[in-house]
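This report refers to the structure that appears directly beneath it.
Read the numbers this way: they start at 1 and go in the same order the structure lists the ligands and their atoms.
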Amino acid sequence: MSDAFGPPIHRPGTVAEARALRAAHPRAQPVAGATAAQLGWPDGRAPAALIDLSVLTDAARGTPVRAEAGGLVLSAFATLESVRLDARVRHALPALAALIGSIGSAPVRRLGTLGGNLCWPSGDLVPAMLALDARYVFASAGEVDALAPGGMPADDLLVEIRVPLDARRVVLEKVGLRQAFSPTLVTVAMVDAGQGVRVAVGGGPTPAHRLPGVESLLAWGAPPASTRVLREAVVAAMQARDDALASGAERVAVASRVISGHAAAFVRAADADADAASDSSTSAGRP
Ligand SMILES: Cc1cc2nc3c(=O)[nH]c(=O)nc-3n(C[C@H](O)[C@H](O)[C@H](O)COP(=O)(O)OP(=O)(O)OC[C@H]3O[C@@H](n4cnc5c(N)ncnc54)[C@H](O)[C@@H]3O)c2cc1C
């Protein structure tokens, strides 16, 4: 349990053991890949003790991705790279595979996990899960709507993420400073599951959140909104913070351009679907 040159590391075999260790050692930090947690350690020094979730051997850790009726179930303990390379994810949600591919580098993704990303305030996947309307399964709290990290149940462990496959169109876009291995300026997620477009932002210092004011402009049947109106709605609704990389205002400006840029394609696709549905009901009704 105790490592020669570092803090004590507890190594649970099961989620139940990990929960018991959390209760018994409240100052110990659970880590999976520790790739995000270590970014917050002062002077790179680990906290008093760690609970290593990467060594879980029970079923929760076993299968990175499995199919269920209407969706995919992703293990929170799966590495980012195993989810990115999974054939079902690449086929059903290529935008998610691509977004994961924009996180860190391959060595980071081989250590970093889905749960670590979603429980870390800056994770690029948090807005994606909000817009995909995923459900989170916690060890104690059970199944809940996808949450921003600040709203996670305290002292609980995220075990699974259930992602519905009902989306007609999905855009998940991380904007960074360069093509690869870039810190995040902002991550935008837009998903149309048939009633309108769910829009979420996050990544970097931007707290992950949905933008209901923008979604109402993109609801099916809403009058067409101009680029200017959409951008103003993003500016009015989005919360963003400054950091050394960019100001909050710059992040909002980038997000407003990305969202308004994709909006027209969402509206066109919805119109085409509506036309196709009306054609098929007309022809079905013909004698
Ligand atoms: C060089 C570098 C580049 C990076 N680039 C990016 C990037 O572009 N985008 C990005 O989003 N991230 C980036 N990261 C951060 C990180 O690699 C990813 O977010 C990764 O997915 C975190 O997973 P992890 O398993 O390492 O999390 P950890 O560091 O182990 O954990 C992160 C937090 O989540 C908690 N946690 C972990 N698992 C669970 C669980 N199952 N239940 C409850 N709480 C849990 C931990 O207690 C901790 O507070 C980068 C990191 C590095 C070092």
Seminar exercise, completed: Looking only at heavy atoms, the pair that brings Ala106 and Glu81 closest together is CB-OE2, 4.5 Å

Exercise. For Ala193, does its backbone N or O pair with a side-chain atom of Asp166 as donor and acceptor, under 3.5 Å?
Worked result: no

Problem set entry | Leu114, portion touching ligand 1 at heavy-atom distance under 4.0 Å | neither

Problem set entry | Approximate separation, where rounding is to 0.5 Å, of Asp124 CG and Thr206 OG1 | 10.0 Å

For this session: Check each atom of ligand 1 against the heavy atoms of Asn117 and keep those under 4.0 Å away; list them by number with element.
Result: 10 (C), 11 (O), 12 (N), 18 (C), 19 (O), 21 (O), 22 (C), 23 (O)

Problem set entry | Side-chain (Arg88) to main-chain (Val65) donor-acceptor, under 3.5 angstrom | yes

Exercise. Nearest to atom 49 (O) of ligand 1, what protein heavy atom do you find, and at what distance?
Worked result: Gln29 NE2, 3.6 Å

Exercise. Taking non-hydrogen atoms only, is Arg109 closer than 4.0 angstrom to ligand 1 via side chain, backbone, both or neither?
Worked result: neither

Problem set entry | Numbered atoms of ligand 1 (with element) below 4.0 Å of Phe181, judged on heavy atoms | 1 (C)

Exercise. Short list, please: which atoms of ligand 1 are under 4.0 Å from a heavy atom of Gln38?
Worked result: 53 (C)

Problem set entry | Nearest candidate to atom 21 (O) of ligand 1, where distance is taken over non-hydrogen atoms, out of Val126, Thr113, Leu56, Asp124 | Thr113

Exercise. Which ligand 1 atoms does Gly123 reach within 4.0 Å, using its non-hydrogen atoms?
Worked result: 11 (O)

Problem set entry | Those atoms of ligand 1 less than 4.0 Å from some heavy atom in Gly112 | 20 (C), 23 (O), 24 (P), 25 (O), 26 (O)

Problem set entry | Salt-bridge criterion met for Asp192 and Arg169 (N-O under 4.0 Å) | no

Exercise. Does ligand 1 have any atom sitting under 4.0 Å from a heavy atom of Met152?
Worked result: no

Exercise. Taking the non-hydrogen atoms of Asp156, is any one of them nearer than 4.0 angstrom to ligand 1?
Worked result: yes

For this session: Please confirm whether Leu111 comes within less than 3.5 Å of ligand 1 when only nitrogen or oxygen atoms on both sides are compared.
Result: no

For this session: Indicate yes or no for a side-chain donor-acceptor contact from Ser216 to the backbone of Gly213 under 3.5 Å, with no hydrogens or angles considered.
Result: yes

Exercise. Do the side chains of Leu130 and Arg198 get nearer than 4.5 Å, heavy atoms only?
Worked result: no

Exercise. In terms of atom number and element, which parts of ligand 1 are under 4.0 angstrom from non-hydrogen atoms of Val31?
Worked result: 30 (O)

For this session: Output yes when a side-chain donor or acceptor of Arg251 lies under 3.5 Å from a complementary backbone atom of Leu185, and no otherwise.
Result: yes

Exercise. For atom 50 (C) of ligand 1, what is the nearest protein heavy atom, given as residue, atom name and distance?
Worked result: Val108 CG1, 4.2 Å

Seminar exercise, completed: The atoms of ligand 1 lying under 4.0 Å from a heavy atom of Ala36, numbered in the order shown, are 15 (C), 16 (C), 22 (C), 26 (O), 29 (O), 32 (C)

Exercise. Is there a donor-acceptor contact under 3.5 Å from the side chain of Arg90 to the main chain of Arg84?
Worked result: yes

Exercise. Does Phe77, backbone or side chain, put an N or O under 3.5 Å from an N or O of ligand 1?
Worked result: no

Exercise. What's the spacing between Leu158 CG and Phe138 CZ if we round to 0.5 Å?
Worked result: 5.0 Å

Problem set entry | Thr57 (side chain) donor-acceptor with Gly13 (main chain) under 3.5 angstrom | yes

Seminar exercise, completed: side-chain contact (heavy atoms from CB on, under 4.5 Å) test vs Val31 passes for just one of Thr113, Leu50, Ile51, namely Leu50

Problem set entry | Contact (N/O only, under 3.5 Å) between Ala34 and ligand 1 | yes

Problem set entry | Euclidean distance, Leu118 CG relative to Met152 CE, rounded to 0.5 Å | 6.0 Å

Exercise. With only distance considered, is Leu125 within less than 3.5 Å of ligand 1 through an N or O on each side?
Worked result: no

For this session: Would you kindly specify which portion of Leu158 sits under 4.0 Å from ligand 1, judged on non-hydrogen atoms: side chain, backbone, both or neither?
Result: both

Problem set entry | Close N or O approach (Ala37, ligand 1; < 3.5 Å) | yes

For this session: Without swapping roles, check the side chain of Asp243 against the backbone of Leu245 for a donor-acceptor pair under 3.5 Å.
Result: yes

Problem set entry | Protein contact of atom 17 (O) of ligand 1 - nearest heavy atom, named by residue and atom, plus distance | Thr35 OG1, 2.7 Å

For this session: Distance to 0.1 Å, residue and atom name: give those for the protein heavy atom nearest to atom 33 (C) of ligand 1.
Result: Gly116 O, 4.0 Å

For this session: Below 4.0 angstrom from a heavy atom of Leu53, which ligand 1 atoms are there? Numbered from 1 as shown, please.
Result: 38 (N), 39 (C)

Exercise. Which heavy atom in Ala200 sits nearest to a heavy atom in Pro127, and how many Å separate them?
Worked result: CB-O, 3.5 Å

For this session: Considering only non-hydrogen protein atoms, determine which one is nearest to atom 34 (O) of ligand 1 and report residue, atom name and distance to 0.1 Å.
Result: Cys119 CB, 3.4 Å

Exercise. What's the shortest distance from atom 3 (C) of ligand 1 to any protein heavy atom, and which residue and atom give it?
Worked result: Gly104 CA, 3.8 Å

Exercise. Atom 8 (O) of ligand 1: which protein heavy atom is closest, and how many Å away?
Worked result: Lys174 NZ, 2.7 Å

Exercise. Considering only protein heavy atoms, which is closest to atom 15 (C) of ligand 1, and at what distance to one decimal place?
Worked result: Trp120 CZ3, 3.6 Å

